[in-house]
Amino acid sequence: MAGLLLAGTLAGALAPAPAAQARDAEPRPAACPEGLPDGTSCYTGTDANGAHYAIAVPERWNGSLVVHAHGGPDLGDASDPERSVKDLGRWRVVVDQGYAWAGSSYRRGGYGTRMAAADTENVRRLFAEEFGAPRRTYVHGQSWGGNVAAKVVETYGGKGGPYDGALLTNGVLGGGSRGYDYRVDLRVVYQYYCANLPRPEEPRYPLWQGLRRGSTLTTAGLRARLQECTGYASPPGERTALQQRNLDDILNVTGIRERTLESHLRFSVFTFRDIVHKRLGGRNPFSNRGVRYSGSHDDKALNAGVERFAADPSAVRDLSYDSDLTGRVDIPVLTLHAKDDPTAFVEHEGAYRDTLRGAHRDRWLVQTFTGEHEHSALSDAEYATSLAALDRWVRTGQRPTPRAVAASCPAFDQVYATGCFYDPAFRPAPYASRVLPRPGGTSWPAMTAVREKAWSRVPGVGIAP
């Protein structure tokens, strides 16, 4: 048995479960992803809802568990058996620090924050049933997984609940009803300048749909249209004057970085299509009425010509109920965010800070920031530092300061040599300083606990799992 559980090749762990066991919740021994500590025991399986998961228990387990909520959302129809295993390999620093690790691939692709939170809680329960109750349990969320993990904290993490603390890294913490407004702006500003999504000869559709139902456009096709309009993939010297002006106008108006323009546009096309057509029954949760765009070579023409639309209140309610945060937090939450994150702008932390302040729960929050420039990867030394700081806070009840967290990082960097880039003095600006606010969009939380409770009584509210 020990031989079966030793670290091996990733390929062996990624094979889908046999059809006869597709809904078997019992963990099965599997090869560990490369790089996990020797002697780690790894398992994979599929829970009762059809969500694939991965579990790892180090040989020298410290008795505590980190439950991981992955980002995205991925857009496949079914649960991806590879996703949780890849994430285990990516965050192997957790296991290296002595924690057991459990992560769900979620029961399906597509948007659904509460669904993903429920699947994250399911894998925690499954771990406890199979391996016993951990000494302490922490939830970790990265990117959109930060939104998922924050929802886990509010839904399952009350006093006396199974979670002791949360670590949110580069999290999308503005919630769904406001957290994608800059991508709404990108979608309409892009179409104003490029007029190729759709092209004049193609069927028309309102841009809040992202893409019309039934479209066969691929990501490669999207890249080709973006290149055609802006030359973004070409060296500046090879762009036409019009391409360069289009690119400058789009970036200046939206505040999006050139290196992530394509990924943001993909979200505003394909993920918006998923949200609108598959999750909200064709209803529109987005608005840009009253938004004044600036930073282009001709703001007057842009504002006169850009497409405008107002949201369907029922669609806003359902997206808000699914993904917005109330700030109702009763356990320690530590966040780690790169100041120059080009995907989840650091101002998401301003939204989360103001959400907890609005709920009078900000005593449970410590935010730390680094000078890094990436979204998907931060220093392993910083991850190890964050886990240790959170664990110490939970064990002692002493709330750490950002400066104290930063000061403890060099000791971990002696092991990982990935660098410590903390900026303890940094404080994020309000969310509205980066993303053009819609009417009423500057007060937080976006969904109060009272409103959440009232909406919970509405039959069929939210997004179906």
Side-chain angles (χ1 to χ4, degrees), residues 113 144 146-147 150 171-192 206-208 210 249-257 260 264-265 267-268 271-272 275-276 280 283-296 299-300 302-327 335 337 339 341-359 362 367 427-448 451-452:
T113 308
W144 178 61
N147 190 180
V172 178
L173 300 173
S177 72
R178 299 178 186 174
Y180 307 125
D181 281 344
Y182 67 100
R183 286 166 168 159
V184 173
D185 296 335
L186 171 61
R187 188 68 183 87
V188 298
V189 170
Y190 174 86
Q191 183 63 11
Y192 172 79
L207 296 180
W208 50 262
D249 280 341
I250 292 169
L251 298 178
N252 290 339
V253 172
T254 63
I256 289 172
R257 304 291 174 84
T260 54
H264 285 298
L265 187 62
F267 194 105
S268 74
T271 306
F272 278 15
I275 292 172
V276 169
L280 295 176
R283 293 171 295 147
N284 173 25
F286 305 122
S287 173
N288 68 340
R289 290 279 178 88
V291 175
R292 174 161 181 79
Y293 299 107
S294 61
S296 72
D299 290 347
K300 183 177 180 180
L302 170 62
N303 282 282
V306 74
E307 184 174 317
R308 304 277 182 177
F309 37 80
D312 178 333
S314 71
V316 175
R317 176 202 66 198
D318 287 352
L319 183 58
S320 178
Y321 181 78
D322 179 76
S323 58
D324 283 346
L325 302 170
T326 67
T335 72
H337 211 116
K339 294 190 299 182
D341 184 339
T343 299
F345 302 143
V346 73
E347 287 79 9
H348 275 274
E349 296 285 345
Y352 195 55
R353 172 198 62 206
D354 293 342
T355 294
L356 268 66
R357 281 180 180 172
D362 52 317
Q367 295 176 296
R427 299 293 181 272
Y431 187 72
S433 69
R434 182 66 177 263
V435 181
L436 295 171
R438 278 54 178 165
T442 57
S443 63
W444 299 87
M447 176 182 63
T448 65
R451 178 174 291 178
E452 179 188 43

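Position 1 is the first residue of the sequence; numbering continues from there.
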Side-chain (Asn147) to main-chain (Gly174) donor-acceptor, under 3.5 angstrom: no
Minimum heavy-atom separation for Asn303 to Val306, with atom names? O-CG1, 4.1 Å
How many angstroms lie between atom CG of Leu186 and atom CD1 of Ile250, to the nearest 0.5 angstrom? 7.0 Å
Taking all non-hydrogen atoms of both residues into account, name the closest pair between Thr355 and Trp444 and its distance. OG1-CE3, 3.4 Å
Between His337 and Ala344 (side chain of the first, backbone of the second, donor and acceptor by atom type, cut-off under 3.5 Å), is there such a pair? yes
Please name the pair of heavy atoms, one in Ala310 and one in Asn284, separated by the smallest distance, quoted to 0.1 Å. O-ND2, 3.0 Å
Minimum-distance pair of heavy atoms, taken over all atoms of Asp299 and Ser294: OD2-CA, 3.3 Å
Sidechain-backbone polar pair: Arg178 side chain, Pro437 backbone, donor-acceptor under 3.5 Å: no
Side chain to side chain contact (heavy atoms under 4.5 Å, CB included) for Val172 and Tyr180? Distances and angles first, verdict last. CA-CA 9 Å; Val172 178; Tyr180 307 125; 4.3 Å; yes
Rounded to the nearest 0.5 Å, what separation is found between the OG1 atom of Thr113 and the CH2 atom of Trp144? 5.0 Å
Closest non-hydrogen atom pair, Ala311 against Val316: CB-CG2, 3.4 Å
Please report the C-alpha distance between Asp318 and Arg283 in whole Å, then the side-chain angles of each, then the deciding distance to 0.1 Å, and finally whether the side chain to side chain contact (heavy atoms under 4.5 Å, CB included) criterion is met. CA-CA 10 Å; Asp318 287 352; Arg283 293 171 295 147; 2.9 Å; yes
Using modelled atom types only, decide if a donor and an acceptor are shared between the side chain of His348 and the backbone of Leu173 within a distance under 3.5 Å. yes
I need the Thr271 OG1 to His264 NE2 distance, nearest 0.5 Å. 12.0 Å
Checking the side chain of Arg187 only, and the main-chain atoms of Gly210 only, is there a donor and an acceptor separated by less than 3.5 Å? yes
Does the Ser268 side chain pair with the main chain of Leu265, one donor and one acceptor, at a distance under 3.5 Å? yes
Whether over 12 other heavy atoms sit under 6.0 Å from Arg434 CZ: yes
From Leu319 atom CG to Phe286 atom CZ, the distance as rounded to the nearest 0.5 Å: 6.0 Å
Looking just at side-chain N and O atoms, do Asp324 and Ser177 make a donor-acceptor pair shorter than 3.5 Å? yes
Taking Leu436's backbone N and O only, do any of them form a donor-acceptor pair with Asp181's side chain (distance below 3.5 Å, no angle check)? no
In terms of relative ring orientation, are Phe267 and Phe272 parallel, tilted or perpendicular, with 30° and 60° separating the classes? perpendicular
Rounded distance [0.5 Å steps], OG1 in Thr326 versus OH in Tyr321: 11.0 Å
Could Arg438 and Asp185 be called an ion pair, given the rule that one side-chain N must be under 4.0 Å from one carboxylate O? yes
Donor-acceptor check, side chain of Arg289 to backbone of Arg308, threshold 3.5 angstrom: yes or no? no
Between Arg353 and Pro428, is there a donor-acceptor pair closer than 3.5 Å when you use the side chain of the first and the backbone of the second? yes
Between Tyr182 and the options Tyr431, Phe345, Tyr293, the ring pair (Phe, Tyr, Trp, His ring centres under 6.0 Å) test singles out Phe345
Between Ala359 and Gly327, what is the shortest heavy-atom contact and its length? CB-O, 3.6 Å
Ignoring hydrogens and angles, tell me if any N or O in the side chain of Gln367 forms a donor-acceptor pair with the backbone of Glu349 under 3.5 Å. yes
d(Asp312 CG, Leu280 CG) to nearest 0.5 Å is 9.0 Å
